[in-house]
Amino acid sequence: MSRASSSQHTTSAGAGHSRWVRVTHWIVAASVLTLAVSGFTILMAHPRLYWGAVGNDLTPALLELPVSRNYRHGGWAVATQSFPDGGSAVSAVRTYGILNQDGWARSLHFLAAWFLVVTGAAYLLAGILTGHLRRDLVPRTGELTRQRLWNDLTSRLQRKIRAAAGGPPYGLVQKCTYCAVVFLGLPLMVITGMGMSPAITAAYPWLCGMFGGSQSARTIHFCVFALLLLFMVVHVVMVATSGFGRQMRAMTFGMPT
Amino acid sequence: MNSAGVITSRRTLITGLASAGGLLLAGCSETEPPTYGKVLRMGDLLTYRAQRLLLPTRSLAKEYSRSDITSIPAIGTTDPADPRQWAYNERNGALYQRLRSAQFAGWRLRVEGSVARPGSYALSDLQHFPARTQITKHTCEEGWSAIAEWTGVPLRTVLEAAGIRPSARFVSFYAFDDAAESIDMLDALHPQTILAYGMNGGDLPIAHGAPLRLRVERQLGYKSLKFLHRIVVTDRFEDLGKLSEPRNGWAWYVGI
């Protein structure tokens, strides 16, 4: 108990990451990595993205990704009219044996999603209760100006300032980025994920309606994934350039040395 | 000091997760969908339980208008009589070939298992039941989707005609290829779960499962088995043919 209550105070400036931040950070990190690998495996089965409610190989794509041998495979028999009385809808038989590893990938995806959702919810709750979000992540009143943002960004790019040594206080760009990931990116991944579910959208149609349809939700799901991937790359580069071992120890064992 | 604390909390966490998993497995009697002792199946079971607990059971999948109907690919088995198809079954394939050449006049759907009146139904018998037509979205597990109009008899109507025993928990479906599927009673009795013999105003085409296919609108496409010939109502969860999900590695409850 004393350990738990003292950890609430260790979030104050310069004292490193508190224990619950470290634990949730690594569970979320492992979940996101698993989701990325399994999600990409799912994407490879059908590397076409659409906008709207529906889309398939016989309708126009918004974006085709050359990420598996299924890309523009062209293995379709001659299409037949769907209606005896005409109309533009057709049906065609697929003659190509596609690459499809969706069985284990989807089950793994949802298993990892459970870890992300439960841990993410616990993080947000603890973040609110301990004041971590308000104190360390959300920019302070008056702090968020275009000039300060620009200064922080350029000085960071010119390596004039070092990244924080294992925990808060964070720089302005750092705060904004973490806020975007915590409050926007990851929640959007969960919501667009559910917006693709026939079971969940039957109960709550607005979940895919708010994105313009479940194929739009799928496209947004992919785009936000790409942004999160970019974040992870930059995040790891920043960690590496500011002392990889020191930062890893701080996020794993606590107090910076 | 602190590192020891982390290891302790991590141990606690792992122990906690393991016991949560144990609870899930312990609650998994023989009448429940199996977990197969694998971590992935445990996640599927958690999703199944959570959705059954949290989602309203009577919700309907969105239905569209005729102008929304789109093109639709035909994948998987598209002709059970074709020996080159990967789910080909020699005996059933030959039978399918004979039935098809007679426009399925000799085809019958057997309904058996935990029902008071096991029997079989010709296509015309099924068409004499009150029909349901629904324009719905087919969501393929691969990632694509399509809207089509399906006409058929609600599964509930057929099951009630056969007399569902109170002990019944699951309904299994067997197809002319080697595929088999099962759904729980909640999905089986859902008003949009139909045995479809018509598509887009015409007969159900061969490539889409003629003469009869299942439509389970609140699950992914692979649950909507094509080319049906037999329905078995069961009291317990059964591991079906070699192409049913438990054997081929796909989730029984798709979890999406």
Side-chain angles (χ1 to χ4, degrees), chain A residues 3 7 19 22-23 27 42-43 45-48 50 53-59 70 76-77 79-80 82-85 87-94 97-98 100 102-104 106-108 110-114 193-194 196-205 214-215 218 252-255, chain B residues 2-3 5-6 9-10 13 38-44 46-47 50-51 54-56 59-62 64 68-76 78-79 86 137-148 192 199-202 205 207-208 217-220 245 248-251 254-256:
Chain A
R3 212 176 264 283
S7 74
R19 188 195 297 160
R22 284 179 270 134
V23 170
I27 296 176
I42 296 169
L43 176 73
H46 190 74
R48 280 165 65 92
Y50 311 91
V54 298
N56 57 63
D57 282 289
L58 308 177
T59 68
N70 298 346
W76 295 93
T80 53
S82 287
F83 295 104
D85 53 347
S88 59
V90 296
S91 183
V93 169
R94 188 167 68 201
I98 67 160
N100 186 339
D102 282 6
W104 63 264
R106 189 171 30 250
S107 287
L108 183 61
F110 295 155
L111 183 64
W114 274 113
M194 293 196 291
M196 284 184 256
S197 158
I200 297 174
T201 54
Y204 309 110
S214 49
Q215 285 294 346
R218 180 171 176 261
T252 311
F253 302 116
M255 280 299 287
Chain B
N2 221 333
S3 68
V6 170
S9 68
R10 216 174 274 158
L13 186 77
K38 291 179 189 165
V39 177
L40 293 187
R41 295 287 164 266
M42 223 161 67
D44 291 342
L46 176 62
T47 307
Q51 290 195 355
L54 299 175
L55 294 179
S59 61
L60 296 173
K62 182 179 177 179
Y64 296 82
D68 295 323
I69 292 174
T70 66
S71 295
I72 181 169
I75 63 156
T78 49
D79 181 1
W86 72 287
K137 181 173 67 185
H138 179 91
T139 306
C140 181
E141 60 86 27
E142 290 167 8
W144 55 267
S145 52
I147 295 171
Q192 287 173 320
M199 179 183 178
N200 292 338
H208 290 284
E217 302 295 355
R218 295 187 303 178
Q219 293 216 40
L220 288 188
E245 302 88 7
N248 70 19
W250 285 12
V254 186
I256 175 169

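Both backbone and side-chain heavy atoms feed into the values below; hydrogens, waters and symmetry mates do not. Naming convention: chains lettered A, B, ... in sequence-line order (proteins, then strands); numbering from 1 in each chain.
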Under a 4.5 Å cut-off applied to non-hydrogen side-chain atoms, are [X] and [Y] in contact?
| X | Y | answer |
| --- | --- | --- |
| A:F110 | B:L46 | no |
| B:W144 | A:T59 | no |
| B:I69 | A:S82 | no |

Those residues at least two apart in sequence (or on a different chain) that pass side chain to side chain donor-acceptor pair (under 3.5 Å) with B:S145 are A:Q215
Those residues at least two apart in sequence (or on a different chain) that pass ring-ring contact (aromatic ring centres under 6.0 Å, His included) with A:W104 are none
Look at [options] and state which one has the largest set of heavy-atom pairs under 4.5 Å with chain B.
| options | result |
| --- | --- |
| A:A199, A:A45, A:A79, A:A203 | A:A199 |
| A:G103, A:A77, A:G97 | A:G103 |
| A:T80, A:V93, A:I42, A:I98 | A:V93 |

For [X], is it the side chain, the backbone, both or neither that has a heavy atom under 4.5 Å from a heavy atom of chain A?
| X | result |
| --- | --- |
| B:H208 | side chain |
| B:D44 | side chain |
| B:E217 | backbone |
| B:E141 | both |

Quick one: does any side-chain atom of A:S107 pair with a main-chain N or O of B:L40 as donor and acceptor, under 3.5 Å?
no
From the list A:V54, A:D57, A:L58, side chain to side chain contact (heavy atoms under 4.5 Å, CB included) partner of B:S71 resolves to A:L58
Quick one: what part of [X] sits under 4.5 Å from any heavy atom of chain B, side chain, backbone, both or neither?
| X | result |
| --- | --- |
| A:A92 | backbone |
| A:A53 | both |
| A:L43 | neither |

Residue among [options] with most heavy-atom pairs under 4.5 Å to chain A:
| options | answer |
| --- | --- |
| B:T47, B:T78, B:I72 | B:I72 |
| B:Q219, B:K62, B:E245 | B:Q219 |
| B:A74, B:P56, B:S59 | B:A74 |

Going through the distances and angles, do A:R106 and B:E142 end up as a salt bridge (Lys or Arg N to Asp or Glu O under 4.0 Å)? CA-CA 10 Å; A:R106 189 171 30 250; B:E142 290 167 8; over 6 Å; no
Any chance you could measure [X], atom [atom1], to [Y], atom [atom2], to the nearest 0.5 Å?
| X | Y | atom1 | atom2 | result |
| --- | --- | --- | --- | --- |
| B:R218 | A:I200 | CZ | CD1 | 12.0 Å |
| A:N100 | B:C140 | CG | SG | 8.0 Å |
| B:M42 | A:L111 | CE | CG | 7.0 Å |
| A:S197 | B:Q51 | OG | CD | 5.5 Å |

What one should report as the nearest heavy-atom pair of A:M196 and B:T139 is O-CG2, 4.5 Å
